[in-house]
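Okay, structure first, notes after.
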Amino acid sequence: MSAQELERTAAAMVAEGKGILAIDESFPTIKKRFDSINIESTEENRRAYRDLLITAPGGSDYISGMILFDETIRQSASDGTPFPKALVDQGIMPGIKVDAGAKDLAGHMGEKVTEGLDGLRERLAEYRELGAKFAKWRAVITIGSGIPSSACIEANAHALARYAALCQEAGIVPMVEPEVLMDADNTIDTCYNVTERTLKTVFNELYRQDVTFEHTILKTNMVISGKQCPTQADIQEVADKTVRCLLNAVPAAIPGIVFLSGGQSSALATAHLNAMNKTYSSLPWPLSFSYGRALQEDCLKTWAGNPDNVEAALKVLLHREKCNSLACRGEYSEDMEKAA
Ligand code: 13P
């Protein structure tokens, strides 16, 4: 793949009014999601659920790409079409999660480092054959007493840079994802400081490993109050602090920034993105979404593993996709939730 093709892929991922649907839950995570609706995590149930998400009619108006899990990229829709082809046929780009998960960081209690570099060149070559246009690697940064440590941020940033370089070598756009978790009791300002420090370290490492910024998509957390924090910042404060943090830490050459939802409610994740795009109309990069839970939650509950509920679940999914598409343009309003 030429440099121009990498550029085109990256631009298409964040095309106006479009975002990414993350359906790359690992085996333990999809089991957790299925447990919540009392469904067993069998290969067929996972396939049936992903079939619904992938073949949802109308999704391509709002969704530019989907991130698949290793099992999913090898599975097929009910009519026998391989999932990557089913996506391409609708004009949606297949993506793939390539990290091997966040593991305990030796010598640093409570902190994680993401693994998966061994054999990555060969895996990327196979994923490219299977149709992947972009690949995601998620690093996890935890806020707590005395953490994150520099050791944790630097180890994760280095791994992200090594993975991103391998992706570009393979003709695949890296979706670099450092996620500062929002589960603790920290204030929004602590989240700001940790996110800024993390992003600056990540971009420094990307530079040192000769990763081309123009061919890299950033996926990151919003700057937000920790879930356990007694004072919760309002929507406008989240929008203002997130944008200010990004302006201070993300090079203008990056073609686009997408957010993870990280445990925010579906409507709040949409409202935050909307406030950013409504308030700030001339940023160096488009701001879009790459949500997992905030796009899937209502759909998963409505489906509940029952084929009779597929139609209703599709309607719910399309509604969330449309709301987030409007949020990319700053045109979403909470009234749209009542009408749904
Ligand atoms: P959430 O939106 O559920 O945080 O998931 C996005 C994702 O892909 C995390 O890697």
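Numbers for residues simply follow the sequence, beginning at 1. First listed ligand is number 1; within each ligand, the first listed atom is number 1.
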At a non-hydrogen distance cut-off of under 4.0 Å, which region of [X] contacts ligand 1 (side chain, backbone, both, or neither)?
| X | result |
| --- | --- |
| Lys97 | neither |
| Ala22 | side chain |
| Ser290 | backbone |
| Arg293 | both |

Identify each donor-acceptor pair in which a side-chain atom of residues 28-35 lies under 3.5 Å from a protein atom, sequence neighbours left out, and give them as a table.
from, atom 1, to, atom 2, distance (Å)
Thr29, OG1, Ser26, OG, 3.2
Lys31, NZ, Asp35, OD1, 3.4
Lys31, NZ, Asp35, OD2, 3.0

Report the nearest protein non-hydrogen atom to [atom]: residue, atom name, distance rounded to 0.1 Å.
| atom | value |
| --- | --- |
| atom 6 (C) of ligand 1 | Lys219 NZ, 3.4 Å |
| atom 4 (O) of ligand 1 | Gly262 N, 2.7 Å |
| atom 10 (O) of ligand 1 | Lys136 NZ, 2.4 Å |

For Arg138, the ligand 1 atoms whose distance to one of its heavy atoms is below 4.0 Å: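 So the answer, numbered in order with elements, is 9 (C), 10 (O).
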Sub-4.0 Å atoms of ligand 1 with respect to non-hydrogen atoms of Tyr291: 2 (O)
Candidate pair Glu237 and Lys241, rule salt bridge (Lys or Arg N to Asp or Glu O under 4.0 Å), full reasoning: CA-CA 6 Å; Glu237 188 177 358; Lys241 290 192 170 163; 2.6 Å; yes
Glu321/Lys18 ion pair, N-O < 4.0 Å: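 No, this pair does not count.
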Salt bridge Lys112-Glu179, side-chain N to carboxylate O under 4.0 Å: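 Salt bridge between Lys112 and Glu179, a charged N being under 4.0 Å from a carboxylate O: no.
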Separation of Ser149 OG from His108 NE2 (nearest 0.5 Å):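 Result: 5.0 Å between the selected atoms.
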Rounded distance (nearest 0.5 Å) linking atom CD of Glu129 with atom CD1 of Ile73: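 With rounding to 0.5 Å, CD (Glu129) is 11.0 Å from CD1 (Ile73).
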Looking only at distance, does [X] have an N or O less than 3.5 Å from an N or O of ligand 1?
| X | value |
| --- | --- |
| Gly292 | yes |
| Glu177 | yes |
| Ser261 | yes |

hydrophobic_cluster_shared for Ile153 and Val250, side chain cutoff 4.5 Å: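 No, because Val250 and Ile153 fall into different hydrophobic clusters, even though each may have its own neighbours under 4.5 Å.
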Tell me which donor-acceptor pairs under 3.5 Å the side chains of residues 198-208 have, and how far apart each pair is, sequence neighbours excluded?
from, atom 1, to, atom 2, distance (Å)
Thr198, OG1, Val194, O, 2.7
Thr201, OG1, Arg197, O, 2.7
Glu205, OE1, His158, ND1, 3.4

Val176 vs Tyr163 side-chain heavy atoms within contact, under 4.5 Å: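 They are in side-chain contact.
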Gln296 heavy atom under 4.0 Å from ligand 1: no
